[in-house]
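So the structure is just underneath, and the comments pick up after that.
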Amino acid sequence: MRKILLLCTVLILSAGCKKNFLDRRPTDKLDSKALFADPLVGTRVYMANLYGQLPIEDFRFYDRGWSYVEWMAPSVVTTAFLTDESIHSQWDVKLADGGTSWWEPGYKLIRDVNLLIDLLPELSMTEDNRKMIMSECSFIRAFAYFGLAKRYGGLPIIKTAQKYSNNVDELKVPRSTEKDTWDFVLSECDKAVESLPDVRSGDDKRRATKWAAYALKSRAALYAASIAKHWNKAPLSGEAVDKGLVGIPAAEANRYYDECIKAAAAIMNSGKYGLYKPTPASREEAANNYTTLFQDPNAAESGTAVEPIFIKGYAKVGEGHNYDLWYQPNQTSNGWANPGRMNPSLEFVDQYENYSTPGEAHPIVTTTDGDVNNYNGYDASRTYLRFDGPNDIFKDKDARLWGTAVLPGTTWKGKTIIIQGGYIQPDGVAKIETDANIVVNGTTYYTFGAANWTDYSGFNPSNLQMTRSGFSYKKFMQPALMPPVERNAITDWMEFRYAEVMLNFAEAAAESGASQAEGTKALNDLRRRAGHTVDIPLTIGSVLRERTVELAFENHRYWDLMRRRDFHTVFNNTSRRALVPVLDLRVTPAKYIFIRKTASKTVQITFLPKWYYVSIPGISANGLVQNPQY
């Protein structure tokens, strides 16, 4: 990609590099002779540049022009840290100003697309190829405006490459309403569908198809519908609201839900896609299938059940990503100095169903009184449930948990991952999250499960590599030990996959009251892939829970909280939670108890309603109306 971008830069800049200033060619349009001598090759090169700018929130999206107000190592920032999915092992990542911004890169991409659209009539190619490329441009432009609209609301809609004529005011385009902006995104998706091919192959395999355009439309329409329906959960006021630049009338919700349903149904009824290994023979098989799907999405592109709809590929070691370095448990660091940073939270794990109680979230019960809202730490007056092993408490949990998180005492990358936070001495004294050891009947026990810090992965507060939630991370991670080298992981990223399309359909059906039978089937087909055998009714609660667990760590949770206006409720002086396995030495043989507690080193986090939109930069120069309360 770097070579392609360099080539594009050289070709475009060379069009204007003449000794005599007056001989320079125009810089407000592409030079068809320089870059498009062979139109199909030229457009392929140019498209590679456009695809590289897409607002795909994958493993490395913070490396590509995304802004986050609180510094972290950019190669390992993910929106999971901004939600209730995960805790960072070192500190709590705080929200501010909407979390992520993408204004200038977004409009750069739009300009680059518009330049190609303006040039297309001049290129020598068949009309079918021209239509196909135009549809591809519409897909990319829809994607760009979607990335902007979900952050800023109503936008300046620019459909052609602007030309500067010594009058800056001529370049200023006012914001359209938020409704009109979302309608433009959907209309661009419709144009993309018109002439994009059904399938791609060879060198073009990762370019958009009509099904990718349908998937984008289903996602965008669901977002717009949610804003319309749930605006009143966190209403804003001010000039931008009065002019409709943010907010969508509630009466528009069902229209957008219907657009979502129709776009998703086009994919579901096409016969082109399906769930990867949809009928596992056991829960263990379901967990393994779910794990494999994300370790190698390409394996799910073959056969009759093709789950990936649009993949972003990582092909070259050294230009990959760092998930396998920063997020792996401490014990599998293989010499890397900064592992263990991603810690799935207890509140996230609590969302998973138990197979014995299908259809509802099942918070982990640790005491005989069943109180799951006590986070005050160990209390000797309470009676704790005892378990033989450190992961027995999870035995009835949805298989997707086992494929998403590294649980205490499970085997990962050939090692038994020890996550233990302390012990209860035979005399009843608790030693929790403090480094200590004790000899009982000739055996030495350690609070963290082992004598040496390299041999355990949890809770030592003086070591930043240790989980402080009680869980480590697995999803997307490779099963083999990775060398301690930056950018070494080349796992591909599924931007659109069939499971999300099913969930988009199910949510739109549950919210609008339409297509109930089809929505119920989609919901339960997805659950069956996870090993569930009991069907549940279609409710908005069941759909949202499924989104939480099925799409975990795919950067959907953040935007689900944003579009449904639930962020300020979930994070209202909220502290992160942990589940601490503790070895109980009061009994022989020793057993494990589990403590629900507020995570160590955590701070309370509150989301401000104004953060549902990001502040627009450059207001004094571009003359745009600012978003509320900025």
Exercise for the section: Answer yes or no: is there a donor N or O on one side and an acceptor on the other, between the side chain of Glu546 and the main chain of Leu503, under 3.5 Å? Expected result: no
Problem - Side-chain donor/acceptor of Asn627 to backbone N/O of Tyr152, under 3.5 Å - result: yes
Problem - Donor on one side chain, acceptor on other, Gln626 and Tyr613, under 3.5 Å - result: no
Handout entry: Whether Phe476 and Phe294 hold their rings parallel, tilted or perpendicular, with breakpoints at 30° and 60°
Key = perpendicular
Practice task
Indicate the ring-plane relationship of Tyr107 and Trp103, choosing parallel, tilted or perpendicular according to the 30° and 60° boundaries.
Solution key: tilted
Practice task
Please answer whether the main-chain N or O of Asp112 pairs with a side-chain N or O of Tyr46 as donor and acceptor at a distance below 3.5 Å.
Solution key: yes
Problem - Derivation of the ring-ring contact (aromatic ring centres under 6.0 Å, His included) call for Phe553 and Phe348 - result: CA-CA 11 Å; Phe553 298 96; Phe348 164 70; 5.3 Å; yes
Practice task
Answer yes if the side chains of Asn573 and Thr606 hold a donor-acceptor pair under 3.5 Å, and no otherwise.
Solution key: yes
Handout entry: For the student: nearest non-hydrogen atoms of Ile261 and Ser515, plus distance
Key = CG2-OG, 3.9 Å
Exercise for the section: Determine the sole option in Phe59, Tyr314, Trp493 for which the ring pair (Phe, Tyr, Trp, His ring centres under 6.0 Å) test with Tyr323 is passed. Expected result: Phe59
Practice task
Quick one: pull up CG in Leu222 and NZ in Lys229 and give me the separation to the nearest 0.5 Å.
Solution key: 11.5 Å
Handout entry: Electrostatic pair Glu57-Arg151, nearest N-O below 4.0 angstrom
Key = yes
Practice task
Would you kindly say whether Ser345 and Asp84 are connected by a side-chain donor-acceptor distance under 3.5 Å?
Solution key: no
Handout entry: SB check Glu188 Arg141 (cutoff 4.0 Å)
Key = yes
Exercise for the section: Assess Arg219 against Phe146: is NZ or CZ under 6.0 Å from the centre of the six-membered ring, and within 45 degrees of the ring's axis? Expected result: no
Handout entry: Pair Asp190, Ser187: side-chain N/O donor-acceptor within cut-off below 3.5 Å
Key = no
Problem - Check ion pair Arg497-Glu500 (N to O, under 4.0 angstrom) - result: no
Handout entry: Under 3.5 Å side-chain donor-acceptor pair for Asp183 and Tyr256
Key = yes
Problem - Glu554 and Lys475 ion-paired at < 4.0 Å - result: yes
Practice task
Return yes if a side-chain donor-acceptor contact under 3.5 Å exists between Asn622 and Arg175, otherwise no.
Solution key: no
Problem - NZ/NE/NH1/NH2 to OD/OE distance under 4.0 Å, Asp525 and Arg529 - result: no
Problem - Between Thr209 and Asp198: side-chain donor-acceptor atoms closer than 3.5 Å - result: no
Fill in the blank from the handout: In Leu116, Val41, Leu120, the residue satisfying side-chain contact (heavy atoms from CB on, under 4.5 Å) with Phe36 is Leu116
